[in-house]
A.B. asks: 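Please find one structure pasted underneath; my questions will follow.
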Amino acid sequence: MRSHLLNGLTAEHYRRSVTEGVERVAAKLAATERPFTGVAVDELSPRVDAIDLDRPLGDTAAVLDELEDVYLKDAVYFHHPRYLAHLNCPVVIPAVLGEAVLCAVNSSLDTWDQSAGGTLIERKLIDWTTARIGLGPAADGVFTSGGSQSNLQALLLAREEAKCDDPGKLRILASEVGHFSVQKSAKLLGLGPDAVVTVPVDRDKRMRTVALARELERCLAEGLVPMAVVATAGTTDFGSIDPLPEIAELCDRYGAWLHVDAAYGCGLLASRRYRYRIDGIERADSVTVDYHKSFFQPVSSSAVLVRDASTLRHATYHAEYLNPRRAVREHIPNQVDKSLQTTRRFDALKLWLTLRVMGADGIGGLFDEVCDLAVRGWHLLAADPRYDVVVEPSLSTLVFRYVPAAVTDPAEIDRANLHARKALFASGDAVVAGTKVGGRHYLKFTLLNPETTPSDIAAVLDLIAGHAEQYLGESLDRAS
Ligand SMILES: *Cc1c(COP(=O)(O)O)cnc(C)c1O
């Protein structure tokens with residue numbers, strides 16, 4: 001069994017084993033014709049159930065064969081140009097290399113004495129990101145597991161900075177299409193059930209600043225404390241970007257912490273052409289970025305950034321065995337002092353290798369491509385009488401609905417759209433997402449693959465219409 005421990009004696013076993021795995025995945029990627037096989041839960045779960053975890057196979061090749069059967073064969077492949085569903089990106093090769101290196105070395109970024117250069121690399125990437133945002137010389141931050149954790153940490157800092165003893169009085173203002181992790185964070189932070197005030201959006205799904213001003217005013221009138229405004233720079237559903245400069249103005253006026261949730265829109269930080277769309281982000285007190293959404297990084301890779309490094313102290317605790325106070329005096333960089341996590345992956349290495357191989361322009365250029373593709377897709381949808389499309393894209397998302405001229409019952413149209421999405425998933429030909437707009441069911445493309453072409457989009461729209469028509473035809477038959 002010792003031969004399975006990775007060390008100097010097993011270097012050859014490591015090389016062979018990982019190479020075998022890489023060969024399988026490479027072959028899979030090359031041979032994948034559809035983003036999904038359409039496998040059903042009922043079909044796949046007996047295969048997983050049948051495996052006896054107490055009877056190991058021992059041999060890597062046999063285990064990879066088994067893995068092929070229970071996972072690789074039927075996985076959902078984000079690299080396929082017809083995977084158009086959620087905020088998942090195809091990943092860049094330098095980042096995948098980073099993943100392989102970081103898990104083999106297995107540094108833990110909580111303390112200097114578990115990471116050394118890893119800590120310095122993470123810190124440099126945090127500085128790089130805060131400089132791109134324009135947060136100023138006192139900025140800092142830390143890598144996190146994802147946007148949800150980044151939002152939680154940012155709101156923790158905001159709560160502490162609000163210096164209010166009555167958590168029942170604290171309010172967080174976010175748009176009605178803000179991310180649900182804001183609600184979850186409020187709950188975790190012990191705020192009351194009414195803590196999150198949702199601010200309405202305009203036609204383009206951007207927060208209405210007039211309504212925000214009204215809500216801030218109302219908070220003051222009612223003796224409540226607006227501890228934070230969450231502006232979303234790239235909403236999950238629409239990619240819409242809240243008007244950051246106007247919101248920053250209001251935060252200044254009312255003394256509210258400005259958190260910008262740029263989990264999705266952060267890709268624009270690397271874009272030469274579209275960076276201006278998030279102008280105003282530099283006025284934030286804290287920012288969430290998800291490199292695993294728009295920087296083409298593997299899950300997980302995310303960070304929370306703050307304007308004032310000293311606010312990170314609200315997440316600091318000292319343990320004698322790990323990060324004693326004297327380490328601070330001795331200027332030993334222990335990242336755990338800034339993090340909600342303790343043991344923590346060296347995710348930063350993926351972004352490091354990406355920037356060193358491709359450069360920021362390389363990443364930004366890929367994100368620009370998907371933004372341009374979304375505009376092409378929007379024109380296709382707007383010109384197509386079968387479809388109703390919601391907003392012109394600010395990033396790379398399209399929300400639309402199949403609306404046949406002959407059907408007037410909106411509930412029947414809802415059912416046709418729901419059916420089309422399910423049938424498409426079961427066919428495996430393409431994967432699309434869904435959401436609700438104004439109480440009605442819509443379909444969604446989140447375009448993050450530069451390999452997707454306008455003709456892929458056109459073809460998927462034909463597939464959707466085909467499934468929806470079939471449903472409506474059968475539904476007529478049922479009725480008659
Ligand atoms: C995806 C997303 C999040 C959550 O990020 P995770 O990495 O999935 O935890 C938060 N906010 C927005 C706007 C998002 O799109």
Side-chain angles (χ1 to χ4, degrees), residues 76 78 84-89 91 95 99 129 133 141-156 158 172-189 196 198-199 201 204-207 228-244 247 258-269 277-278 280-281 284 286-305 339-341 344-345 347-348 350-351 367 370-371 374 391 393-399 433-435 444-448:
V76 178
F78 302 154
L84 310 172
H86 302 284
L87 272 164
N88 311 109
C89 51
V91 292
E99 187 73 60
T129 307
I133 298 171
V142 70
F143 273 67
T144 68
S145 63
S148 303
Q149 194 193 0
S150 296
N151 284 347
L152 172 62
Q153 181 163 356
L155 291 170
L156 166 73
I172 300 168
L173 298 96
S175 99
E176 55 182 313
V177 289
H179 194 261
F180 73 95
S181 57
V182 174
Q183 313 270 351
K184 267 197 198 181
S185 300
K187 187 162 188 179
L188 285 164
L189 291 171
V196 180
T198 50
V199 181
V201 291
D204 295 325
K205 307 293 176 190
R206 292 153 42 98
M207 186 188 280
V229 174
V230 178
T232 312
T235 59
T236 315
D237 261 351
F238 306 100
S240 48
I241 298 168
D242 287 338
L244 303 177
I247 294 174
L258 172 57
H259 176 63
V260 177
D261 179 356
Y264 177 13
C266 61
L268 296 187
L269 293 172
R277 291 182 183 169
I278 49 170
I281 194 172
S286 56
V287 178
T288 287
V289 298
D290 257 357
Y291 307 108
H292 64 214
K293 281 180 178 162
S294 47
F295 273 70
F296 305 92
Q297 299 294 293
V299 179
S300 59
S301 183
S302 179
V304 60
L305 298 317
S339 175
L340 301 185
Q341 293 168 269
R344 194 162 52 83
R345 291 166 56 82
D347 285 318
K350 296 179 281 192
L351 180 59
F367 194 58
V370 295
C371 292
V391 286
S394 314
L395 293 174
S396 64
T397 300
L398 295 167
V399 179
T435 191
K444 178 166 91 161
F445 292 158
T446 310
L447 304 171
L448 282 176

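Atoms considered below: every heavy atom in the structure, side chains included; atoms not considered: hydrogens, waters and symmetry mates. Read the numbers this way: they start at 1 and go in the same order the structure lists the ligands and their atoms.
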A.B. asks: Quick check on the 6.0 Å ring-centre criterion: do Y291 and F143 meet it?
C.D. replies: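 Here the rings of F143 and Y291 have centres that are less than 6.0 Å from each other.
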A.B. asks: Roughly how far, to the nearest 0.5 Å, is the OG atom of S150 from the CG atom of L305?
C.D. replies: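 Result: 8.5 Å between the selected atoms.
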A.B. asks: Which is closest to atom 13 (C) of ligand 1 by heavy-atom distance: V260, D261, T288, V177?
C.D. replies: D261
A.B. asks: Counting both backbone and side chain atoms, is some N or O of T232 under 3.5 Å from an N or O of ligand 1?
C.D. replies: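 For ligand 1, there is no N or O atom that lies under 3.5 Å from one belonging to T232.
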A.B. asks: Does NZ or CZ of K293 come closer than 6.0 Å to the centre of the six-membered ring of Y264, within 45° of the ring's axis?
C.D. replies: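 Judged by the rule (NZ or CZ under 6.0 Å from the ring centre, within 45° of its axis), K293 is not positioned above Y264.
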A.B. asks: Could you list which atoms of ligand 1 come closer than 4.0 Å to a heavy atom of G234?
C.D. replies: 13 (C)
A.B. asks: For residues L395 and L268, determine if any side-chain heavy atom of one lies less than 4.5 Å from a side-chain heavy atom of the other.
C.D. replies: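 Counting from C-beta outward, L395 and L268 do come under 4.5 Å.
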A.B. asks: Assess S300 for proximity to ligand 1: is some non-hydrogen atom of it under 4.0 Å away?
C.D. replies: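 No; S300 lies far enough from ligand 1 that no heavy-atom distance drops under 4.0 Å.
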A.B. asks: With atoms numbered from 1 as shown, which atoms in ligand 1 lie under 4.0 angstrom from a non-hydrogen atom of L87?
C.D. replies: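 Reading through ligand 1 atom by atom, the close ones are 15 (O).
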A.B. asks: T288 and side chain to side chain donor-acceptor pair (under 3.5 Å): which single residue from N151, D261, T232 fits?
C.D. replies: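 Single pass found, and it is N151.
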A.B. asks: Indicate yes or no: does an N/O atom of T236 lie under 3.5 Å from an N/O atom of ligand 1?
C.D. replies: yes
A.B. asks: Using a strict threshold of under 4.0 Å (side-chain N to carboxylate O), is an ion pair present between D347 and R345?
C.D. replies: yes
A.B. asks: With only distance considered, is G147 within less than 3.5 Å of ligand 1 through an N or O on each side?
C.D. replies: yes
A.B. asks: So for Q149, does at least one of its heavy atoms come nearer than 4.0 angstrom to any atom of ligand 1?
C.D. replies: no
A.B. asks: Side chain, backbone, both or neither: which part of A263 comes within less than 4.0 Å of ligand 1 when only heavy atoms are counted?
C.D. replies: side chain
A.B. asks: At a non-hydrogen distance cut-off of under 4.0 Å, which region of T235 contacts ligand 1 (side chain, backbone, both, or neither)?
C.D. replies: neither
A.B. asks: To the nearest 0.1 Å, how far is atom 3 (C) of ligand 1 from its closest protein heavy atom, and which atom is that?
C.D. replies: K293 NZ, 3.2 Å
A.B. asks: Quick check: does S181 get an N/O under 3.5 Å from an N/O on ligand 1?
C.D. replies: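 It does not: no N or O of S181 is found under 3.5 Å from an N or O of ligand 1.
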A.B. asks: For N151, which part has a heavy atom under 4.0 Å from ligand 1: side chain, backbone, both, or neither?
C.D. replies: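 Answer for N151: side chain.
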A.B. asks: Is it true that D237 and K205 make a salt bridge, defined as a side-chain N closer than 4.0 Å to a carboxylate O?
C.D. replies: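 Looking at K205 together with D237, the answer is no, because their closest N to O distance does not fall below 4.0 Å.
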A.B. asks: Within this structure, what is the CD-NE2 distance for the pair Q297 and H292, rounded to the nearest 0.5 Å?
C.D. replies: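 If we round to the nearest 0.5 Å, Q297:CD and H292:NE2 are 10.5 Å apart.
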A.B. asks: Could you state the interatomic distance from OG (S286) to CG (L155), rounded to the nearest 0.5 Å?
C.D. replies: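 One finds 7.0 Å between OG of S286 and CG of L155.
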A.B. asks: Should you measure from each heavy atom of H292, which atoms of ligand 1 turn up under 4.0 Å away?
C.D. replies: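 Numbered from 1, ligand 1 contributes 7 (O).
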A.B. asks: May I ask you to list the atoms of ligand 1 that are less than 4.0 angstrom from any heavy atom of D290?
C.D. replies: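 Atoms satisfying the 4.0 Å criterion: 5 (O), 6 (P), 7 (O).
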